[in-house]
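Worksheet: the structure to be examined is printed underneath.
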Amino acid sequence: MISALIFDMDGLLLDSERIVRRSWEEAGAQMGIPHMGEHIYHTLGLNRAGRDAYFREALGRDFAIEDFSERMSKCFYRIVDSEGMPLKSGVKELLSYAKAYGYKTAVATSSRKEYSTKMLKDVGIYSYFDGGVFGDMVQHSKPDPEIYRKACEAIGMLPECCLALEDAPAGVYSAHAAGLKVIVVPDLLEPPEEVISLTYKRCNTLHEVIPLLRDGIPRN
């Protein structure tokens with residue numbers, strides 16, 4: 001049976017994508033770019049390099065990426081400092097279950113290590129994880145399988161022994177290509193059927209994963 005769980009972070013553990021969308025919208029408005037928040041739907045699961053490549057393609061090579069990133073970051077942290085960073089439903093329950101029953105756990109997120117560790121510590125779940133691989137630790141962004149392969153290595157597990165938990169299509173493609181079984185818990189974007197077909201199960205919240213683990217999820 002599956003003996004390790006590997007989690008995406010933004011949109012899966014943290015309800016952060018909505019804050020990112022608000023931050024992009026505000027930063028875009030400051031720069032005179034309307035509807036900037038809508039671009040998030042095209043970048044879910046990408047690391048910084050992948051996101052910047054998308055911006056150059058969609059907004060032109062003259063788009064002031066560094067200016068936008070600085071403005072967006074200020075907006076993001078102002079919102080988080082004011083409102084806090086919410087956890088997605090079922091996060092602590094699933095992590096507690098995993099620890100109680102001896103599952104290895106890791107994070108495989110396209111976000112940078114400094115940001116990710118700060119957020120995970122701030123919301124009180126960093127200590128649940130046995131390892132992690134972050135967007136600035138890989139050469140290739142999701143949907144490339146590199147990050148999931150490295151996350152398995154980080155906790156000393158074979159991919160076929162691991163279950164990936166993802167919210168976005170890019171992450172599903174990444175984990176599936178790396179040889180992991182995948183459960184998708186959609187956040188901002190409902191995956192198309194071609195993505196769902198690559199998963200073991202689609203769940204509405206992480207609460208629904210616990211009964212599946214109790215029943216036993218077979219390895220790939």
Side-chain angles (χ1 to χ4, degrees), residues 5-27 35-48 50-51 54 72-73 75-77 79-80 83-95 98 105-112 115-116 118-120 122-126 128-129 132-135 141-144 147-148 151 163-178 180-210 212:
L5 309 179
I6 301 182
F7 295 80
D8 178 46
M9 187 181 74
D10 293 293
L12 190 281
L13 295 172
L14 309 181
D15 197 4
S16 53
E17 302 288 19
R18 289 166 180 79
I19 300 176
V20 171
R21 183 172 58 189
R22 288 169 59 189
S23 303
W24 285 21
E25 192 72 17
E26 185 173 332
H35 311 303
M36 190 66 191
E38 298 304 304
H39 287 282
I40 192 173
Y41 295 102
H42 302 281
T43 64
L44 294 172
L46 301 184
N47 64 8
R48 173 67 186 271
R51 188 197 74 183
Y54 166 79
M72 180 275 294
S73 182
C75 295
F76 178 87
Y77 284 109
I79 294 170
V80 172
E83 302 176 14
M85 175 61 75
L87 286 172
K88 297 288 286 186
S89 180
V91 168
K92 285 196 173 178
E93 291 85 350
L94 178 54
L95 289 173
T105 54
V107 175
T109 173
S110 296
S111 294
R112 293 183 174 189
Y115 159 80
S116 301
K118 176 183 178 357
M119 288 295 109
L120 294 172
D122 286 351
V123 299
I125 61 173
Y126 181 79
Y128 282 98
F129 297 101
V133 179
F134 307 93
S141 179
K142 298 175 184 179
D144 188 275
I147 193 167
Y148 272 101
L163 173 71
L165 295 133
E166 273 285 351
D167 68 289
V172 172
Y173 285 125
S174 173
H176 181 265
L180 286 76
K181 189 152 281 187
V182 189
I183 287 178
V184 64
V185 186
D187 182 38
L188 292 183
L189 193 65
E190 181 63 38
E193 184 54 42
E194 66 189 59
V195 173
I196 299 293
S197 69
L198 300 178
T199 70
Y200 175 71
K201 194 75 71 175
R202 179 207 177 279
C203 294
N204 290 314
T205 74
L206 291 174
H207 287 290
E208 297 175 19
V209 178
I210 295 174
L212 298 174

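If you're wondering where the values come from, they're calculated on a predicted model, not measured in any experiment.
- Between Thr199 and Pro191 the shortest side-chain heavy-atom distance does not fall below 4.5 Å.
- Met85 has its side chain within reach of Phe76: a pair of non-hydrogen atoms, C-beta onward, lies under 4.5 Å apart.
- Between Pro143 and Pro169 there is no side-chain heavy-atom pair separated by less than 4.5 Å.
- Taking OG1 of Thr109 as the start and CD1 of Ile147 as the end, the distance is 6.5 Å to the nearest 0.5 Å.
- The shortest distance between side-chain heavy atoms of Lys88 and Asp187 falls below 4.5 Å.
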Test salt bridge (charged side-chain N to carboxylate O under 4.0 Å, His left out) on Arg202 and Glu190 and set out the steps.
CA-CA 10 Å; Arg202 179 207 177 279; Glu190 181 63 38; 2.9 Å; yes
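- Ala175 and Ala164 make their closest contact through CB-CB, 3.4 Å (heavy atoms, listed as atom of the first residue, atom of the second, distance).
- The closest side-chain donor-acceptor pair between Tyr173 and Glu194 falls under 3.5 angstrom.
- Summarising the geometry, atom CG belonging to Leu5 is positioned 6.0 Å from atom CG belonging to Leu165; distances are rounded to the nearest 0.5 Å.
- Heavy atoms only, all atoms of each residue included: His39 and Trp24 are closest at C-CZ3, 3.7 Å.
- Nearest heavy-atom pair across Ala151 and Val107 is CB-O, 4.5 Å.
- Residues Val123 and Leu87 come closest through the heavy atom pair CG2-CD2, 3.8 Å.
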Distance-only criterion, 3.5 Å: show the donor-acceptor pairs between side-chain atoms of residues 7-15 and protein atoms not counting sequence neighbours.
unit_1 : atom_1 : unit_2 : atom_2 : d
Asp8   : OD1    : Lys142 : NZ     : 3.1
Asp10  : OD1    : Ser16  : OG     : 2.5
Asp10  : OD1    : Tyr115 : OH     : 3.1
Asp10  : OD2    : Ser111 : OG     : 2.5
Asp15  : OD1    : Arg18  : NH1    : 2.8

Run Leu198 and Val182 through side-chain contact (heavy atoms from CB on, under 4.5 Å) and show every step you take.
CA-CA 8 Å; Leu198 300 178; Val182 189; over 6 Å; no
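- Among all heavy-atom pairs drawn from Met36 and Glu25, the shortest one is N-OE1, 3.4 Å.
- With a 4.5 Å cut-off on side-chain heavy atoms, Ile210 and Glu93 count as touching.
- The side-chain heavy atoms of Asn47 and Phe134, taken from C-beta on, include no pair separated by under 4.5 Å.
- Once rounded to the nearest 0.5 Å, the distance linking NZ of Lys181 with OH of Tyr200 reads 6.0 Å.
- Contact check for Leu46 versus Ser110: no side-chain heavy atoms found under the 4.5 Å cut-off.
- Side-chain contact between Val91 and Ile125 is present, with heavy atoms from C-beta onward closer than 4.5 Å.
- Side-chain atoms of Thr105 do not come within 3.5 Å of backbone N or O of Leu95 as any donor-acceptor pair.
- The backbone N or O of Ile19 sits less than 3.5 Å from a side-chain atom of Ser23, completing a donor-acceptor pair.
- To the nearest 0.5 Å, atoms CG (Leu188) and CZ (Arg21) are separated by 5.0 Å.
- The 12-atom threshold is not exceeded at OH of Tyr126, counting heavy atoms of other residues, nucleotides or ligands nearer than 6.0 Å.
- Contact record, Tyr148 with Glu166: OH-OE2, 2.6 Å, taken as the closest heavy-atom pair.
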